[in-house]
Engineer: 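Handing you a structure now.
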Amino acid sequence: MSQEKIFKLDTLKNRIAKSREKGVTVGLCHGTFDLLHVGHIKHFQEAKSKCDLLVVTVTPDRHINKGPGRPVFSENLRTEAISALECVDLVAINNWPTAIELIGMLKPNFYIKGIDYTDIEKDHSGNIKLEKNAIEKQGGELIITSSQKFSSSNIILRTLSNLGEKQIQFIDNLKAETSLDDFFEMFQNISKTEISLIGETIIDEYVFCETIGKSGKDPMLVNRIIEIEKFLGGIGAIAKICSDFVSKIDLISYLGENCGEIDFIQSQMPKNTCFSYFRKKSSPTIKKTRYLNDYTKQKMIGFYDLNDEPISENDEKKLNSITFEKSDLQDVVIEIDYGHGLISPNFQKLLRKRAKFLAANSQVNSFNAKFRDLNIYKDLDLLCMNEDELRAHYRSRKSPLQNLMQQLKVDLGCKNLIITKGAHGSIGINSDGLIIECPAYAEKVIDRIGSGDAYLAASAIALSLGSSLAVSMFFASVVAGAVVSSMGTGQSGLKQYSWKAIEAYLK
């Protein structure tokens with residue numbers, strides 16, 4: 001029975017120790033093995049020919065980070081499938097993310113990996129080097145099998161994933177332009193990048209409610225509060241997202257006159273962020289409270305506490321001081337105008353003169369819809385906004401989107417223009433006038449707030465490092481897709497997720 005081959009690690013350790021005492025040579029194969037295929041089988045068969053006892057361990061579900069929808073099969077199903085193979089003698093689920101600790105615990109004679117690892121230097125995770133050191137420390141040997149390479153990730157991508165034809169076609173076209181090694185180099189360069197972020201700081205409060213029913217006496221709906229969650233939003237959320245990718249952030253913003261929520265804001269600021277702010281006169285720190293149905297997570301109503309009047313001349317002097325005197329602008333400046341009075345035409349002119357690479361977004365909201373002026377955002381390296389914001393600027397509901405984009409690019413003189421379209425992806429025009437359409441890469445959509453900001457930041461950083469617009473849009477789509485998959489703003493841990501997703505897509 002295949003089940004008789006499956007053991008807990010402690011039991012497996014004892015079995016292997018007794019076997020080695022009898023002179024039995026032990027080989028260890030370790031991996032995810034999410035979709036068992038002919039490549040795995042040939043790999044195991046060749047591994048078995050190198051040893052007397054072949055042990056296979058699988059990565060547990062909690063440590064798998066191969067991108068959206070992974071693993072497809074649970075750790076128990078994966079171990080059962082492997083144990084059914086005649087060439088495999090013993091199977092177990094690993095406790096750790098890699099085989100480093102496992103090798104030290106089991107002490108096999110051989111650690112056996114597939115042909116993917118022939119060139120150790122191309123293992124972007126760096127784990128194979130550490131695993132090689134671990135097996136050699138035990139007096140063992142790393143063996144690379146020669147069986148034909150098949151990619152589980154690629155098979156899953158094309159057969160079991162939720163990706164549509166447009167998404168797969170874009171990936172195929174991207175592979176002709178770039179490689180996984182190029183993306184790895186981009187990630188390394190991003191990790192050395194220092195950026196400046198400018199925009200309003202916002203507190204996002206989520207009040208989760210249970211709807212009870214109509215009030216007995218008044219014509220209103222009664223809700224019971226279940227839970228309240230608070231997040232750092234606005235430009236602070238973008239700082240949290242970017243902090244996972246870049247080396248240093250200079251964050252420039254304003255708070256309320258009495259610096260309300262300052263303790264919470266500072267507690268949420270990433271360690272690699274330098275927060276400079278002034279106090280806006282006659283204004284609270286912006287707080288946006290949204291009431292949601294606890295079961296569906298749908299937003300029902302919002303209450304915003306803010307003063308969206310333009311900042312005073314005195315406050316603008318303070319803004320100029322902390323932007324241009326007390327802190328040097330970094331090589332990449334990302335500006336997000338949430339429409340609550342921070343950005344003035346004069347400040348924008350100064351910023352354009354001083355910034356080496358300037359990317360911006362000016363958002364339409366219920367407060368500024370009648371007053372927003374995009375014309376102050378001229379000669380940008382990147383302008384990014386959603387389709388509704390573009391149509392609002394030209395008061396055009398039905399004009400072809402690409403016509404409006406080309407007109408805006410001419411009117412404002414921006415080098416690169418990207419229009420996001422939610423679930424329909426994004427469309428961009430680069431400095432040469434080439435139009436690029438990139439699908440969305442989101443596994444699931446839970447909360448859209450902050451996704452456009454994350455898209456702008458990711459695409460701007462990639463573009464500033466010399467990546468093409470297509471590569472930058474794809475990278476931004478992956479990052480934004482990760483952001484919308486959870487509730488709230490300013491998610492951390494996106495770098496590893498984004499890299500694993502891109503690795504899965506491009507393999």
Side-chain angles (χ1 to χ4, degrees), residues 195-206 229-244 246 249-270 273-280 283-290 299 302-311 315 318-319 322-323 333-344 347-348 351 359-368 372 377 384-386 389 420 447-458 460 479-480 483-484 486-492 494:
I195 68 173
S196 294
L197 294 177
I198 303 172
E200 290 97 335
T201 299
I202 300 171
I203 304 298
D204 285 313
E205 186 176 65
Y206 287 61
E229 292 186 14
K230 193 163 60 173
F231 303 93
L232 179 60
I235 202 68
I238 305 309
K240 292 187 73 173
I241 290 171
C242 291
S243 69
D244 208 37
V246 304
I249 299 170
D250 284 336
L251 178 60
I252 299 166
S253 186
Y254 75 68
L255 299 182
E257 189 169 25
N258 64 355
C259 282
E261 303 279 3
I262 184 61
D263 291 340
F264 172 76
I265 291 169
Q266 290 182 334
S267 71
Q268 295 297 305
M269 280 293 171
T273 298
C274 177
F275 182 36
S276 300
Y277 63 91
F278 66 93
R279 303 182 184 188
K280 183 180 178 181
S283 173
T285 297
I286 300 172
K287 186 175 183 180
K288 298 184 177 181
T289 302
R290 300 169 180 90
K299 298 178 181 70
F303 294 93
Y304 295 177
D305 183 18
L306 55 83
N307 171 12
D308 67 331
E309 291 294 321
I311 59 176
D315 282 346
K318 296 176 184 177
L319 174 61
I322 62 176
T323 304
V333 180
I334 300 169
E335 166 187 32
I336 301 179
D337 182 0
Y338 292 97
H340 302 312
L342 177 65
I343 308 298
S344 70
F347 175 78
Q348 188 61 32
L351 191 62
N361 167 249
S362 175
Q363 298 187 3
V364 172
N365 58 50
S366 54
F367 290 88
N368 75 342
R372 172 174 167 268
Y377 294 97
C384 181
M385 67 183 71
N386 66 38
E389 290 166 341
T420 58
D447 189 0
R448 293 182 177 86
I449 291 179
S451 61
D453 300 343
Y455 187 106
L456 167 64
V479 174
V483 169
V484 301
S486 61
M487 184 65 68
T489 54
Q491 297 90 334
S492 58
L494 293 177

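Nothing fancy with the numbering, it's 1 onward along the sequence.
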Engineer: Can you measure from CE (Met385) to OH (Tyr455) and round to the nearest 0.5 angstrom?
Structural biologist: 13.0 Å
Engineer: Within this structure, what is the NE2-NZ distance for the pair His340 and Lys288, rounded to the nearest 0.5 Å?
Structural biologist: 3.0 Å
Engineer: Do you know which of Ile238, Asp250, Ile249 makes side-chain contact (heavy atoms from CB on, under 4.5 Å) with Ile195?
Structural biologist: Ile249
Engineer: Residues in side-chain contact (heavy atoms from CB on, under 4.5 Å) with Glu261, at least two apart?
Structural biologist: Ile203, Lys230, Phe264, Ile265, Lys287
Engineer: So, using side chain to side chain donor-acceptor pair (under 3.5 Å) as the criterion, who are the partners of Ser253 when residues are at least two apart?
Structural biologist: Thr201
Engineer: CD1/Ile343 to CD/Gln348 distance, rounded to the nearest 0.5 angstrom?
Structural biologist: 6.5 Å
Engineer: Hey, could you give me the NZ/CD1 distance between Lys280 and Ile311, rounded to the nearest 0.5 Å?
Structural biologist: 7.5 Å
Engineer: Ignoring hydrogens and geometry beyond distance, is a side-chain donor-acceptor pair present between Tyr338 and Asp453 at under 3.5 Å?
Structural biologist: yes
Engineer: Phe303: what forms a ring pair (Phe, Tyr, Trp, His ring centres under 6.0 Å) with it, not counting sequence neighbours?
Structural biologist: Tyr291
Engineer: List for me each residue that meets ring pair (Phe, Tyr, Trp, His ring centres under 6.0 Å) alongside Tyr254, sequence neighbours excluded, and say none if there are none.
Structural biologist: Phe278
Engineer: Give the C-alpha distance, both sets of side-chain angles, the deciding distance and a yes or no for side-chain contact (heavy atoms from CB on, under 4.5 Å) between Ile198 and Phe347.
Structural biologist: CA-CA 11 Å; Ile198 303 172; Phe347 175 78; 4.1 Å; yes
Engineer: So do Ile202 and Leu306 actually touch side chain to side chain, heavy atoms under 4.5 Å?
Structural biologist: no
Engineer: Can you measure from OG (Ser276) to CG (Leu251) and round to the nearest 0.5 angstrom?
Structural biologist: 8.0 Å
Engineer: Do Arg279 and Cys259 come close enough that some side-chain heavy atom pair is under 4.5 Å?
Structural biologist: yes
Engineer: With sequence neighbours left out, what residues match Ser344 under side chain to side chain donor-acceptor pair (under 3.5 Å)?
Structural biologist: Glu316
Engineer: Please lay out, stage by stage, how Tyr206 and Lys299 fare under the test side-chain contact (heavy atoms from CB on, under 4.5 Å).
Structural biologist: CA-CA 9 Å; Tyr206 287 61; Lys299 298 178 181 70; 4.2 Å; yes
Engineer: Can you sort out the partners of Thr273 under side chain to side chain donor-acceptor pair (under 3.5 Å), two or more places apart, ordered by chain and number?
Structural biologist: none
Engineer: Is any side-chain heavy atom of Asn361 closer than 4.5 Å to a side-chain heavy atom of Glu389?
Structural biologist: yes
Engineer: Would a 4.5 Å heavy-atom cut-off, applied to side chains only, mark Pro270 and Lys240 as touching?
Structural biologist: yes
Engineer: Could you walk me through whether Thr285 and Tyr277 pass the side-chain contact (heavy atoms from CB on, under 4.5 Å) test, one step at a time?
Structural biologist: CA-CA 11 Å; Thr285 297; Tyr277 63 91; over 6 Å; no
Engineer: Sequence neighbours excluded, which residues qualify as side-chain contact (heavy atoms from CB on, under 4.5 Å) partners of Ala359?
Structural biologist: Phe357, Leu382, Leu456, Ala460
Engineer: Kindly write out the residues that satisfy side-chain contact (heavy atoms from CB on, under 4.5 Å) with Pro284, not counting sequence neighbours, or none if the list is empty.
Structural biologist: Asp305, Asn307
Engineer: Tell me every residue that passes side chain to side chain donor-acceptor pair (under 3.5 Å) with Asp337, counting only those two or more places apart in sequence or in another chain.
Structural biologist: Tyr377
Engineer: So, taking the atom named CG in Asn386 and the one named OG1 in Thr420, what distance separates them when rounded to the nearest 0.5 Å?
Structural biologist: 5.0 Å
